[in-house]
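Below is one structure, written out as structure tokens; the observations come after it.
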Amino acid sequence: MGLGPRSAHRARRQFSGAGRRGRAAWGSGRPPPGRDGCPRLPAAARAEQAPEALPHLSPEALGYFRRALSALKVAPDAAEERELMARNILKEVEAQALALATNRTGSEMLQELLGFSPLKPLCRVWAALRPNLRFVACHRCGVHVLQSALLQLPRLLRRPAEAEEEEEEEEEGGPSQTLEELVLGLAAEVCDDFLFFCGDTHGSFVVRTLLQVLGGTLLESERGKPRGAQSSETQRTSARECKPTDFEVPTTFLNRLQDLSACFLKDIAVFITDKISSFCLQVALQVLHHKLPQHCAHLCDAVIDYLSSRNSSADGSPLLLFLRDQTSSRLLEQVLLVLEAERLQRLYKDHFQGQLCSLAEHPIANFPLQRLLDAITSPELLSLVFEELSPALEMVLAQGHPGVVVALVEACRRVGTHQAQVLQLLFEAFHCAEPPSRQAACVPLFASLLAYEVYYELMEEEGTVPAEHQVEMATARALREVTVLGSLLLQHLLYFSNPGLVLRSLSALTGPQLLTLAQSPAGSHVFDAILTSPSVTHKQRRRVLKTLKGQYVALACSRHGSRVLDAIWSGAALGARKEIAAELGEKNQELIQDPFGHHVARNVALTTFLKRREAWEQQQSTVAKRRRALNSILED
């Protein structure tokens with residue numbers, strides 16, 4: 001990462017943008033049977049669960065459902081017509097539900113059809129699959145149909161009881177089970193063979209979705225990826241940012257959720273050590289934390305007690321061994337995020353204290369450490385952690401684990417303490433603390449996660465006096481690539497109570513450098529912090545943004561820059577809006593022909609500005625008055 005001795009060799013090193021962690025994605029292949037002690041059904045036993053003759057879906061039937069789904073998508077928006085079409089199609093589905101669910105193309109179509117389904121047709125399709133529920137839940141295509149059915153509950157449970165009664169009267173045939181009974185039946189079957197479902201690659205998806213539905217909480221981290229994999233490190237920055245979506249559920253659902261949480265306690269060792277089963281426990285902790293915190297606390301205590309009872313490691317608590325393990329460290333990350341403040345502090349003192357530096361340098365254990373920092377809310381605990389971790393910031397960065405540093409800075413922002421201290425430590429870690437003139441270069445260094453001599457390609461030997469910052473050299477150099485974690489670091493610093501030094505460095509950037517920052521996918525979010533941070537005064541904000549004058553057209557014609565320009569425009573006074581519109585007006589034709597620029601031109605009302613200036617000014621004054629009135633209402 002370019003830190004350490006000031007030598008030509010070390011100067012070629014760079015901070016890693018993110019510590020890569022070789023973790024399997026959700027739903028990836030299981031470890032070999034028997035390696036983790038998780039009970040597995042033998043192949044013969046699994047075969048017995050499948051229907052004797054798996055129904056075949058003919059090409060004609062597949063073509064019919066494909067055409068029916070296409071017609072349903074383009075059907076009139078009138079609720080009655082579309083619902084009638086959905087009923088008719090799903091009536092045909094009932095007879096071939098198993099064949100559709102276990103066919104790759106049929107499964108995808110059935111998932112979409114269920115999204116249009118009224119209550120009773122969905123129940124009948126579910127009932128048609130129930131005799132082969134175990135087989136469908138563990139089938140690579142069928143599992144997604146069950147997930148899709150479960151995820152319709154927030155929509156269907158909101159329907160008034162009168163509408164349900166009307167549906168029952170309209171349906172022909174004998175009585176069928178209610179949606180509540182079907183969900184509880186699935187939960188009972190899962191509960192009876194809990195280890196099997198949780199340990200199966202596909203069945204575990206059903207368990208995780210079922211836990212959320214029973215708790216009336218859909219987790220953002222689980223929504224929208226029923227078969228996709230977690231892609232990159234940056235998508236898992238902090239589980240605390242995943243806001244759950246709540247919906248009302250019957251009391252029977254919460255009672256069954258308690259039963260499932262008890263199943264985890266019976267075989268806690270399996271759920272800690274088995275890769276696939278562990279995912280189910282992680283989701284359970286999030287749901288229980290939100291809905292049944294007491295049961296969540298019991299599960300957390302069981303996990304910690306089990307891990308603490310194992311053989312002690314050579315350097316302290318036995319928990320440290322599991323923090324360095326691929327599977328159990330994932331689970332411990334979630335435990336740290338849901339622990340109550342008092343339990344978190346006790347856990348730190350019993351197991352983490354004195355080990356933070358070694359954890360921060362470890363390729364796996366640094367991630368649970370980040371979650372510990374994410375969970376801190378008390379100044380007392382932050383002081384203990386800061387005192388232990390702060391001397392090692394430069395070494396942690398050099399190891400390629402900047403996520404630990406970003407998490408520490410975020411904790412300082414959230415709790416409101418140690419802000420000046422951590423900023424000074426960052427200056428020292430990036431070699432821009434001395435001489436003070438180097439502090440003006442902190443923004444490019446933080447954004448790119450490069451030390452001073454690496455960024456500016458200086459050949460400084462260890463022990464030599466650092467050279468003064470050369471303004472001419474800095475302004476002539478193009479801004480380097482902005483990393484995601486570097487952008488997050490700057491955003492947190494701009495929310496500090498005194499972001500003056502960072503704003504001074506931003507003001508020192510040239511127009512083209514600031515333009516590069518705004519056009520960067522990661523760097524553009526730094527402007528969000530500049531525009532929204534309550535610590536940035538109007539005068540400071542104006543001083544930074546005025547450097548963009550002359551760059552507005554380039555901003556407007558950029559995917560990310562246009563978003564920044566829209567945000568600047570929203571908060572600009574009438575005088576600043578005139579300057580922006582005047583500059584954009586000189587390139588009106590270029591903007592209209594650009595895929596991003598024409599949206600900006602419409603937002604600015606550029607045609608009106610060029611042809612009817614007085615009407616444009618009156619329109620903008622009216623908008624400004626409305627905005628001031630709304631702001632005053634919101635402040636009250």
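FYI, side chains are in, hydrogens and waters are out, and symmetry mates aren't considered; it's all heavy atoms of this structure.
- Annotation: cation-pi geometry not satisfied between R438 and F427 (NZ/CZ under 6.0 angstrom from ring centroid, within 45° of ring axis).
- If you check the side chains of H599 and D594, you find no donor sitting under 3.5 Å from an acceptor.
- The neighbour count for Q421 CD, taken as heavy atoms of other residues, nucleotides or ligands under 6.0 Å away, is above 12.
- Of all heavy-atom pairs between S358 and Q355, the closest is OG-O, 2.9 Å.
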Donor-acceptor contacts, no H, no angles, side chain residues 576-586, under 3.5 Å, sequence neighbours left out:
{"from": "R577", "atom 1": "NE", "to": "W569", "atom 2": "O", "distance (Å)": "3.2"}
{"from": "R577", "atom 1": "NE", "to": "A572", "atom 2": "O", "distance (Å)": "3.4"}
{"from": "R577", "atom 1": "NH1", "to": "Q620", "atom 2": "OE1", "distance (Å)": "2.4"}
{"from": "R577", "atom 1": "NH2", "to": "W569", "atom 2": "O", "distance (Å)": "3.0"}
{"from": "K578", "atom 1": "NZ", "to": "E617", "atom 2": "OE2", "distance (Å)": "3.4"}
{"from": "E583", "atom 1": "OE1", "to": "G550", "atom 2": "N", "distance (Å)": "2.9"}
{"from": "E583", "atom 1": "OE2", "to": "G550", "atom 2": "N", "distance (Å)": "3.1"}
{"from": "E583", "atom 1": "OE2", "to": "Q551", "atom 2": "N", "distance (Å)": "3.2"}
{"from": "E583", "atom 1": "OE2", "to": "Y552", "atom 2": "N", "distance (Å)": "3.0"}

key: L517 vs F527, side-chain contact (heavy atoms from CB on, under 4.5 Å): CA-CA, chis, key distance, verdict   = CA-CA 9 Å; L517 183 67; F527 285 88; 3.9 Å; yes
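- The shortest side-chain heavy-atom distance between L515 and S558 does not fall under the 4.5 Å cut-off.
- Note that OG1 of T483 and CG of L449 are 3.5 Å apart. Values are rounded to the nearest 0.5 Å.
- When each of R541, R542, Q540 is checked for a side chain to side chain donor-acceptor pair (under 3.5 Å) with H538, only R542 meets the rule.
- Between F446 and F430, the distance separating the two ring centers is shorter than 6.0 angstrom.
- With respect to R343 and D301, a salt bridge is recorded, a charged nitrogen being found less than 4.0 Å from a carboxylate O.
- Remark: E387 CD is loosely packed, at most 12 non-hydrogen atoms of other residues, nucleotides or ligands lying under 6.0 Å away.
- Among all heavy-atom pairs drawn from L490 and V502, the shortest one is CD2-CG1, 4.2 Å.
- Applying the 6.0 Å contact sphere to CD of Q618 captures no more than 12 heavy atoms from other residues, nucleotides or ligands.
- Contact between Q513 and R477 at its shortest, heavy atoms only, is NE2-O, 2.6 Å.
- With S533 contributing its side chain and I530 its backbone, the two residues share no donor-acceptor pair below 3.5 Å.
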task = Dump the intermediate steps for side-chain hydrogen bond (donor to acceptor under 3.5 Å, both in side chains) on H431 and E453, then the final yes or no.
result = CA-CA 8 Å; H431 301 168; E453 64 274 10; 2.7 Å; yes
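- Between the side chains of S437 and E468, at least one donor N or O lies within less than 3.5 Å of an accepting N or O.
- For S505 (side chain) and V443 (main-chain N/O), a donor-acceptor pair under 3.5 Å exists by modelled atom type.
- No side-chain heavy atom of Q519 sits under 4.5 Å from any side-chain heavy atom of S524.
- Residue pairs meeting the salt bridge (charged side-chain N to carboxylate O under 4.0 Å, His left out) criterion with at least one partner in residues 512-539, sequence neighbours excluded, are D528-R563.
- Note: H418 and F386 have parallel aromatic rings, judged against thresholds of 30 and 60 degrees for the angle between ring planes.
- Judged purely by distance below 3.5 Å, without hydrogens or angles, the side chains of S497 and Q419 pair a donor atom with an acceptor atom.
- Remark: side-chain polar atoms of R371 are not paired, donor with acceptor, to backbone N or O of L332 under 3.5 angstrom.
- In this model, a donor atom of one side chain and an acceptor atom of the other lie less than 3.5 Å apart for Y452 and H469.
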request  = Could you please spell out the steps behind the side-chain hydrogen bond (donor to acceptor under 3.5 Å, both in side chains) verdict for D374 and Q370?
outcome  = CA-CA 6 Å; D374 288 341; Q370 291 178 44; over 6 Å; no
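- A side-chain N or O of Q491 and one of S487 form a donor-acceptor pair less than 3.5 Å apart.
- In plain terms, the two heavy atoms of S378 and Q345 that are nearest each other are OG-OE1, 3.8 Å.
- Side-chain contact between L359 and V404 is absent, with no heavy atoms from C-beta onward closer than 4.5 Å.
- Without hydrogens or angle criteria, Q439 side chain to L501 main chain gives no donor-acceptor distance under 3.5 Å.
- With hydrogens and angles ignored, the 3.5 Å screen pairs a side-chain donor or acceptor of R414 with a backbone N or O of I376.
- Among residue pairs with one or both ends in residues 346-357, none qualify as salt bridge (charged side-chain N to carboxylate O under 4.0 Å, His left out); sequence neighbours excluded.
- Between Y348 and F352, the ring planes lie parallel to each other; the angle is under 30°, not in the 30° to 60° tilted range.
- Counting only N and O atoms by type, the side chains of Q282 and S278 include a donor and acceptor under 3.5 Å apart.
- The side-chain tip of R559 does not point at the ring of F596 from less than 6.0 angstrom away and within 45° of straight on.
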request  = Verify side-chain hydrogen bond (donor to acceptor under 3.5 Å, both in side chains) between H362 and Q399, making sure each step is shown before the conclusion.
outcome  = CA-CA 9 Å; H362 193 273; Q399 289 288 329; over 6 Å; no
